[in-house]
Amino acid sequence: LSLTNLSSNTFYDIVVVSVSDMGSGCCYQHTSFRTPCTSTISLPYAENFDNYDISSGNVLPNCWTKLVNFDMPEGEPHITHNTYYTSDGSLYLYCGSNDAMGHFALAIMPYLDEDDISQHFIRFKLRSPTSGTTIEVGICNDTTLYDNNFTPITSFTTNASDTWQDCFVSLSSYTGTGRYITFRMIRNQQNGNGRIAYIDNLVVENCGITSPRLLNRNFNTLSIEWNNHGNPTVNIEVGPRDFLPGTGTMYANVTSPFRI
């Protein structure tokens, strides 16, 4: 028997019933399975974790995967409606204070169907009820739980409690073959405390430029150059260290090299 017209990333139940002279139903076998996910990311990709029905339990966006190495269903990555940057949802990550060192929770995005991801850029909002909460952003080779599956790109630590902060990630340093962008919270980075993190307004896009370099710096001027891929529109914003994007001095539609 071949089953056709099934939906991707969907759970199905199968009940096989034997038929005897007394009629059907004398004995049966039951099994369940989930069809593979065929969804891939096309750029630009945006996920705000909004408008999802979470009444049936912990859910993630279509074709996302969660991997954990601890047994606590309520702590698994899922969409929550309790805290969000834009209504009405965000991604929830958790590691408990009683978890063993090395316990982790991964939220894995769908496959990024791109030959070269070095030009790609990730931005999102991050929040935690406590300062000092750390998450990692990296790449998984696949969605299987095993050692060395996750390659970290960078990490972010919340600098204030209950405050949304902007996070930006360039994939220019990644040279592996994995194509699953992943968010990870790991127990041994949380200073012995239970930690919660929320992620919202996630965007993955082609940056269009790589390898920015500072040139000819002196006390009040500098030059910067970069590599273009295609014909991107490039803006440069300058401000004091750790300035909030949008509050600095903007130079619009510039070309490389550019002198400030």
Side-chain angles (χ1 to χ4, degrees), residues 40-48 85-86 90-91 109 112-128 131-140 150-161 163-184 189 197-260:
T40 59
I41 292 177
S42 58
L43 301 181
Y45 173 89
E47 178 58 72
N48 294 330
Y85 184 77
T86 56
S90 67
L91 176 66
M109 294 174 57
L112 179 58
D113 191 14
E114 299 277 338
D115 292 334
D116 180 9
I117 65 173
S118 64
Q119 304 169 28
H120 295 356
F121 191 77
I122 308 166
R123 52 187 169 93
F124 59 94
K125 299 284 188 178
L126 174 65
R127 176 174 173 159
S128 175
S131 61
T133 299
T134 299
I135 70 161
E136 293 177 305
V137 182
I139 305 291
C140 277
F150 177 80
T151 300
I153 302 296
T154 190
S155 63
F156 297 94
T157 300
T158 54
N159 49 33
S161 60
T163 301
W164 289 100
Q165 63 189 66
D166 292 300
C167 300
F168 304 91
V169 184
S170 169
L171 299 183
S172 60
S173 64
Y174 181 72
T175 58
T177 59
R179 292 297 183 266
Y180 293 94
I181 297 172
T182 302
F183 299 91
R184 180 171 80 161
Q189 291 182 337
Y198 302 98
I199 292 171
D200 206 355
N201 289 31
L202 167 67
V203 174
V204 182
E205 55 194 342
N206 190 317
C207 185
I209 65 170
T210 54
S211 306
R213 302 171 295 279
L214 297 179
L215 308 170
N216 304 323
R217 287 179 289 179
N218 57 42
F219 72 96
N220 63 354
T221 64
L222 62 82
S223 294
I224 183 171
E225 68 176 7
W226 57 89
N227 298 331
N228 287 325
H229 302 276
N231 297 296
T233 298
V234 178
N235 298 334
I236 295 177
E237 186 176 7
V238 180
R241 184 174 182 176
D242 297 326
F243 78 99
L244 182 66
T247 64
T249 301
M250 180 68 70
Y251 302 89
N253 197 21
V254 299
T255 57
S256 177
F258 181 73
R259 185 176 181 179
I260 299 174

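Throughout, residue positions are numbered sequentially from 1 according to the sequence presented. What you are looking at is a predicted structure, and each value in this text was computed from that prediction instead of being measured.
- A ring-centre distance under 6.0 Å is found for F183 and F124.
- Proximity of E114 to L43: side-chain heavy atoms (C-beta onward) are separated by under 4.5 Å at one or more points.
- Counting only heavy atoms from C-beta outward, the side chains of R213 and I224 never approach each other to under 4.5 Å.
- For the pair E136 (side chain) and I153 (backbone), a donor-acceptor distance under 3.5 Å is absent.
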**Asked** Would L112 and I181 count as a side chain to side chain contact (heavy atoms under 4.5 Å, CB included) if you check the C-alpha gap in whole Å, the side-chain angles of each, and the deciding distance to 0.1 Å?
**Response** CA-CA 8 Å; L112 179 58; I181 297 172; 4.2 Å; yes

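- Side-chain contact between V204 and M109 is present, with heavy atoms from C-beta onward closer than 4.5 Å.
- With hydrogens and angles disregarded, no donor-acceptor distance shorter than 3.5 Å links the side chain of S131 to the backbone of N159.
- Considering CG of L214 and CG of L222, their distance stands at 5.5 Å, rounded to 0.5 Å.
- Atom CZ of R184 sits about 12.0 Å away from atom OG1 of T134, to the nearest 0.5 Å.
- Using a distance-only test at 3.5 Å, with no hydrogens or angles considered, a donor-acceptor pair links the side chain of R179 to the main chain of D115.
- Two residues are said to be in side-chain contact when any heavy atoms from C-beta on lie closer than 4.5 Å; L171 and Q119 fail this criterion.
- For Y180 and F150, the distance between ring centers is not under 6.0 angstrom.
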**Item:** Candidate pair D166 and K125, rule salt bridge (charged side-chain N to carboxylate O under 4.0 Å, His left out), full reasoning
**Value:** CA-CA 5 Å; D166 292 300; K125 299 284 188 178; 2.6 Å; yes

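- Contact annotation: the side chain of V203 never approaches that of F121 to less than 4.5 Å [non-hydrogen atoms, C-beta and beyond].
- Separation of atoms OH (Y198) and OG (S128) is listed at 8.0 Å; rounding is to 0.5 Å.
- Side-chain contact check for W226 versus I236: some heavy-atom pair is nearer than 4.5 Å.
- Here S172 contributes atom OG and H120 contributes atom NE2; the two are 12.0 Å apart, rounded to the nearest 0.5 Å.
- At least one donor-acceptor pair under 3.5 Å links the side chain of N235 to the backbone N or O of N253.
- With values rounded to the nearest 0.5 angstrom, T154 atom OG1 is found 10.0 Å from I122 atom CD1.
- Counting heavy atoms from C-beta outward, R259 and T221 have side chains that approach closer than 4.5 Å.
- To the nearest 0.5 Å, atoms CG (N201) and CD1 (I199) are separated by 11.5 Å.
- The main-chain N or O of T86 is found under 3.5 Å from a side-chain atom of D200 such that the two form a donor-acceptor pair.
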**Request:** For side chain to side chain contact (heavy atoms under 4.5 Å, CB included), just list the numbers for N48 and Y85, CA-CA rounded to whole Å, side-chain angles, deciding distance to a tenth of an Å, and then say yes or no.
**Result:** CA-CA 9 Å; N48 294 330; Y85 184 77; over 6 Å; no

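- The number of heavy-atom neighbours closer than 6.0 Å to OH of Y45, taken from other residues, nucleotides and ligands shown, is above 12.
- Taking the side chain as every heavy atom from C-beta outward, W164 and L126 never approach each other to under 4.5 Å.
- Between the side chain of T163 and the backbone N or O of S161 there is at least one donor-acceptor pair closer than 3.5 Å.
- When every heavy atom of T157 is checked against every heavy atom of Q165, the shortest pair comes out as O-NE2, 3.5 Å.
- Looking at T158, its side chain does come within 3.5 Å of a backbone N or O of T133 through a donor-acceptor pair.
- In this structure, T247 contributes its side chain and L244 its backbone to a donor-acceptor pair below 3.5 Å.
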